[in-house]
Amino acid sequence: MPVDAPLDPALHEPQFALHVEDLTVSYGATPALWDIDLDIPPGVMAAIIGPNGSGKSTLLKTALGLVKPVAGHVRFLGFPVAQMRGRIGYVPQRQAVDWDFPTTARDVVEMGLYRSLGWFRRPGRAARARAMAALAELGMQDYAERQISQLSGGQQQRVFLARALVQEAPILILDEPMAGVDAATEAVIFDLLKRLRDQGRTVIVVHHDLTTVQSHFDWLVIMNVRVIAQGPVAQVYTPENLRAAYGRHLAMIAAPPAPPPPAPPDPSLDETTPLP
Amino acid sequence: MSALIDLLTSGIVQRVALGAALLGAIAGMLGAFAVLRRQSLLGDALAHAALPGVCLGFLIAGARDLGSILAGAFFTGALAALCMMLITRTTRLKTDAALGIVLSVFFAVGVVLLTHVQARGGAASAGLGSFLFGQAAAILPGDLWLMGGIGALALGLVLGLWKEMKLVSFDPDFARAQGWPVTAIEALMTVMVALAIVLGLQLVGVVLMVALLIAPAAAARQWTRSLGGMVAVSAAIGAASGLGGALVSAGTRGLATGPVVVLIASAVVLVSLMVAPGRGVLWQALAARRARARIGEARVLAAMQGLAQAHGDPAYATERGMLETALGGAPEPARLTALEKRGLIRPVTHAPETTPHWELTEAGHAEATRSEKGRAP
């Protein structure tokens, strides 16, 4: 979706891949998201970062219409999410599903095509070929007929990504895709996301690893229930903004623009613990 | 033999057997989805919550009319499901606590109503207690048609909405993000489970009905690698348990059909959990044992190759004591025998010592090199 395409005046803020305005979500009395205003331009690879419990996943789920906000609205390229279903690829957190489900990697990837098949129709040979191609993009072609329970965490994450990839959606939304995956998988995923970005797609990633923000992303949203800062990484990734989100433990984190040294372990920042 | 033929040609036995098999197939098919969606206990709550409905249906119809009794059961079951949803959404209670509360409250109301109805007397109310544990012999030909109809409906829905149900069972959030009406599909699956439960009330009773939903699915999961396989095998196990239970109880005096059906299904679960290839407990223990043996053998080979290299003699005769020292403990004799059988080592004599010695064969050297490489990261 080129940025300079003629814009339909009937649309609301169509110049942004994702436009969030006045969004508030609350579970009970405590707000999970408070008055979020957010704009992500098309064609960027954006990271959304913030400490545990800062509402990053809730923001994604609300944007996708999975959680009902108490106030505010969300637009993708000017459209409400209900009109964008087929054009948004979603990669949920890996532990959101039961990986002991009796099915194969290819079968899971084909689920990405169910929407385009419509009601009642079953995936056929064409769907299988597209699923295989998506798996191959992630180096998973040899595992296509493997039970998903027998895949490693990184392989499962690749399957999830392939399921979103097969939709060929212009907007891709990923919830912690690097959580608990091996280094090789992380490299494969970053590589793929960058290629997608270079094709002009918008990639929005809820991310937990501050050390890879500067090297891999070009747009950054820092949040903690509210939005603390947003914009190009170079402008937003500052000690002041990070401290505002994460609190005083931030001395340990890389000071921009120097390349990030490995952060010493700090339990309060440790969001990278691999899942069992 | 003639007793068996008598049994099989008896109208009532045929009816009960067919009914139990049909019920098992329907419950097995729908139970597969319920188990995968982690809704097994919802089935139990629905079954228990059907009891007050049975009594209400009786009170309203004024007679033991199956139609109104089943309608009542379905109504209170749905009410219970609604209560559970409200409790989990509006309070901090988790699903299991909500299930426990709803199940016991509805069941208690059911028992109170049941004793009340029975105390009022009347011949018609006598059979009502059979809904607790089921009474297979009470099945009528018309009931079979009802079962067949609901079974066909359930089969049609499962086949027609196959990919939708699979997607919603595996990843409801993703399904929602794709724009599927997930709540409606989930509600449809729950309603079908409730229908199966209501069908089974007469045969198996409210207390044991959930076993017929869970057991075939749990057993089937052990044997299959795809959802289609699991649903089919689950339905088959349910049908076989129903048929087997009906025949066993018909052939033996004083054995209630419902519990026997449940026991047979549970026996299938037990066997499946133990021996199913890949997932069974015994199978996994054997696999672990094999893996341990392989590692032990590889260590022996590696130690012997190390010694051979240290001596610059590929046919170096290794004494048992050397192996013990190198491995930090005596190698199990079975390891050495196995290696001999595989032709990787051969026993040799090493005069003047009389203790046993072995040397690596060429295949043994190759295997040692191969497994050494395999261990590299």
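Just so it is clear, the model here is predicted, and its values are computed rather than measured. Throughout, protein chains are lettered first and strands after them, A, B, ... in sequence-line order, and every chain is numbered starting at 1.
At a 4.5 Å heavy-atom cutoff, A:Leu60 makes no contact with chain B through either its backbone or its side chain. Contacts of B:Arg221 with chain A are made by side-chain atoms alone, with heavy-atom separations under 4.5 Å and no backbone atom involved. Contact annotation for A:Val81: neither backbone nor side-chain heavy atoms come within less than 4.5 Å of a heavy atom of chain B. Interface remark: A:Glu145 contributes backbone atoms only to the contact with chain B (heavy atom separation under 4.5 Å). Using a 4.5 Å cut-off between heavy atoms, B:Arg92 makes no contact with chain A at all. For A:Glu110, no part sits under 4.5 Å from any heavy atom of chain B, backbone or side chain. With a 4.5 angstrom heavy-atom cutoff, B:Arg279 touches chain A only via side-chain atoms.
For the residue pair B:Leu36 and A:Phe101, the shortest heavy atom distance occurs at CD1-CE1, 3.7 Å. Among all heavy-atom pairs drawn from A:Leu66 and B:Ala177, the shortest one is CD2-N, 3.7 Å. Contact between A:Gly118 and B:Glu164 at its shortest, heavy atoms only, is O-OE2, 3.8 Å. Closest approach of A:Met111 to B:Phe174, counting heavy atoms only: O-CE2, 3.8 Å.
Highest contact tally toward chain B, considering only A:Gly112, A:Ala96, A:Gly89, is held by A:Gly112 [criterion: heavy-atom pairs under 4.5 Å]. Taking A:Asp100, A:Val108, A:Ile88, A:Leu117 one by one and counting their heavy-atom pairs under 4.5 Å with chain B, the maximum is reached by A:Asp100.
A salt bridge does not link B:Arg225 to A:Asp107: none of the charged side-chain nitrogens sits closer than 4.0 Å to a carboxylate oxygen.
With contacts defined as side-chain heavy-atom distances shorter than 4.5 Å, the pair A:Phe120/B:Trp162 does not qualify. A 4.5 Å side-chain heavy-atom check between A:Thr103 and B:Leu227 finds every atom pair outside the cut-off.
Taking NZ of B:Lys163 as the reference point, atom CH2 of A:Trp119 lies at 8.0 Å (rounded to 0.5 Å).
A:Arg115 places a side-chain N or O within donor-acceptor distance of the main-chain N or O of B:Gln178, the cut-off being under 3.5 Å.
Annotation for A:Phe16: atom CZ counts as buried by contact number, over 12 foreign heavy atoms lying within 6.0 Å. The neighbour count for A:Arg122 CZ, taken as heavy atoms of other residues, nucleotides or ligands under 6.0 Å away, is above 12.
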(Q) For B:Asp171 and A:Arg163: C-alpha separation, side-chain torsions, deciding distance, then whether side chain to side chain contact (heavy atoms under 4.5 Å, CB included) applies. (A) CA-CA 12 Å; B:Asp171 193 347; A:Arg163 182 177 67 170; 2.7 Å; yes
